[in-house]
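Both backbone and side-chain heavy atoms feed into the values below; hydrogens, waters and symmetry mates do not. Here is the naming used below: chain letters follow the sequence lines, and residue numbers restart at 1 for every chain.
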There are 2 protein chains.
Amino acid sequence: MGVPLYQAKAEFFKTLGHPARIRILELLSEREYAVHELLENITIEPSNLSQQLAVLRRASLVVSHRQGGEVTYSISTPEVRDLLLAARAILTGLLHVQEDEATSAPASDPPR
Amino acid sequence: MGVPLYQAKAEFFKTLGHPARIRILELLSEREYAVHELLENITIEPSNLSQQLAVLRRASLVVSHRQGGEVTYSISTPEVRDLLLAARAILTGLLHVQEDEATSAPASDPPR
DNA sequence: ACATGAAGTGAAGACTTCTTCAAGTTGTAC
DNA sequence: GTACAACTTGAAGAAGTCTTCACTTCATGT
């Protein structure tokens, strides 16, 4: 009961406010990944990736477990997936509007 | 297409990563508000509120229109509401887990 | 025991975002 | 047109976040 909830929410969204962290969560939404596998899919220095994973761990959005020589990450709850989808819905909506305002071009490919 | 989508998403979440902006969006999820009404509900300086509203406007999450002497704000699309709900779901889930880990206390009031 | 690949950490400078201030609109009432 | 409330803006220092670096840890293979 320490922190007001709207502040906890802001913290939560801050955690998502970084390109590398978004990519990590999108990858982990599909399946678990070892750190070196993430590294193959994200253009980032290893130590930077570790830092970003640490941020996600502190926020309890992901969990890690060691499997022998490698460390595997997965999302802590499937609701993370839902949130990313909800964000995608808004974002594609907004992008379409802005595009229509700018050029009134025809409907484009749905973004991933 | 200029910016990669995962970067647009990160920007989008950054926009939500501020307590005042969360409160604004939560209030506007219920109904439209004039700026001076928001001011009554959020503890913040007027010029700071204007700055935060400008951030939300630039991100196209809210729209404003003048009605005589006052300016009224509303959310640009109802999906904003869905997103806040999705966030709430994750957050209450995570809070419960942390609470259980710490004290193993009984179920608490559902947060707003 | 040593070397190696995999991952994490603390610290420091670069870079962004926040808050506040003073000044500027815009609209209504007198 | 002056006065007032409602609201916005630009700028600047304070505060926070990012990226990188050197170093450490941990497990496996030799």
Side-chain angles (χ1 to χ4, degrees), chain A residues 3-4 6-25 27-28 31-76, chain B residues 3-4 6-25 27-28 31-76:
Chain A
V3 183
Y6 59 85
Q7 189 155 349
K9 272 183 207 165
E11 299 282 332
F12 174 76
F13 284 121
K14 253 185 224 166
T15 304
L16 299 171
H18 189 288
R21 295 198 290 265
I22 294 288
R23 294 199 84 193
I24 294 167
L25 289 176
L27 289 168
L28 297 184
R31 62 169 177 88
E32 347 181 292
Y33 277 80
V35 175
H36 67 270
E37 288 180 304
L38 290 172
L39 220 34
E40 285 161 18
N41 289 276
I42 307 178
T43 311
I44 193 178
E45 305 241 328
S47 68
N48 196 352
L49 178 57
S50 261
Q51 300 273 9
Q52 306 308 335
L53 286 170
V55 172
L56 293 173
R57 250 188 289 123
R58 272 179 235 125
S60 301
L61 287 174
V62 304
V63 294
S64 65
H65 51 283
R66 242 205 153 88
Q67 292 188 342
E70 60 188 29
V71 178
T72 302
Y73 279 82
S74 40
I75 53 175
S76 59
Chain B
V3 183
Y6 59 84
Q7 189 155 349
K9 274 184 205 164
E11 299 282 331
F12 174 77
F13 284 122
K14 253 185 223 165
T15 304
L16 299 171
H18 190 289
R21 296 198 289 264
I22 292 288
R23 296 200 82 193
I24 293 167
L25 289 176
L27 289 168
L28 297 185
R31 62 169 178 88
E32 345 182 292
Y33 276 79
V35 176
H36 67 270
E37 288 180 304
L38 290 172
L39 220 33
E40 285 161 17
N41 288 276
I42 307 178
T43 311
I44 193 178
E45 307 239 328
S47 67
N48 197 352
L49 177 57
S50 260
Q51 300 274 9
Q52 306 309 334
L53 286 170
V55 172
L56 292 173
R57 250 189 289 121
R58 272 179 236 124
S60 302
L61 288 174
V62 304
V63 293
S64 65
H65 49 283
R66 248 211 149 82
Q67 292 187 341
E70 57 186 27
V71 178
T72 302
Y73 278 83
S74 39
I75 53 175
S76 60

Next on the checklist: What's the closest nucleotide to the side chain of B:K14 if the choices are C:dT17, D:dT17, C:dT19?
Outcome noted: C:dT17

Next on the checklist: Heavy atoms from C-beta onward define the side chain here; which of D:dA6, C:dT9, D:dT8 lies closest to that of B:E70?
Outcome noted: D:dA6

Item to check | Nearest-angstrom distance from the residue atom CG of A:L39 to P of C:dG5 | outcome: 15 Å

Next on the checklist: Contact between B:L61 and B:F12 at the side-chain level, heavy atoms closer than 4.5 Å - yes or no?
Outcome noted: yes

Checklist outcome for this item: Here the pair of heavy atoms bringing B:L27 nearest to B:Y33 is O-CE1, 3.3 Å

Checklist outcome for this item: Closest to the 5' end of DNA chain C, once A:V71 and A:Q51 are matched to their nearest nucleotides, is A:V71

Item to check | Whole-Å gap separating P (C:dG27) and CD (B:Q67) | outcome: 13 Å

Checklist entry - If you take atom types as modelled and just measure distance, does the side chain of A:S47 reach the base of D:dC21 with a donor-acceptor pair under 3.5 Å? => result yes

Checklist entry - Is the backbone N or O of A:P4 less than 3.5 Å from a side-chain atom of A:Q7, with the two atoms forming a donor-acceptor pair by type? => result no

Item to check | Nearest listed nucleotide, side chain of B:A34, among D:dT20, D:dC7, C:dG8 | outcome: D:dC7

Item to check | Spacing of A:L53 atom CG relative to D:dC18 atom P, expressed in whole Å | outcome: 14 Å

Checklist entry - Whole-Å distance between C:dA7 C1' and A:Q52 CD? => result 15 Å

Item to check | Toward the 5' end of DNA chain D, by each residue's nearest nucleotide, B:R66 or A:G69 | outcome: B:R66

Next on the checklist: What is the separation between atom CD on A:E40 and atom C1' on C:dG5, rounded to the nearest whole Å?
Outcome noted: 13 Å

Checklist outcome for this item: Separation of D:dT17 atom P from B:F13 atom CZ, nearest Å, is 18 Å

Item to check | Under-4.0 Å side-chain N/O to phosphate OP1/OP2 contact, A:R21 with D:dC18 | outcome: yes

Next on the checklist: Whole angstroms only, please: what is the CG-C1' distance between B:L49 and C:dT19?
Outcome noted: 13 Å

Checklist entry - OP1 or OP2 of D:dT8 less than 4.0 angstrom from a side-chain nitrogen or oxygen of B:Y73, does that happen here? => result yes

Next on the checklist: Please tell me if B:H36 has a side-chain N or O lying less than 4.0 Å from either OP1 or OP2 of D:dA5.
Outcome noted: no

Checklist entry - Roughly, in whole Å, what's the span from CD1 in B:I42 to P in D:dC7? => result 13 Å

Checklist entry - With no hydrogens and no angle check, is any side-chain donor or acceptor of A:R57 less than 3.5 Å from a backbone partner on A:V62? => result no

Next on the checklist: D:dT9, OP1 or OP2 - any side-chain N/O from B:R57 closer than 4.0 Å?
Outcome noted: yes

Next on the checklist: Taking the side chain as everything from C-beta on, heavy atoms only, tell me whether B:P46 gets closer than 4.5 Å to B:L39.
Outcome noted: yes

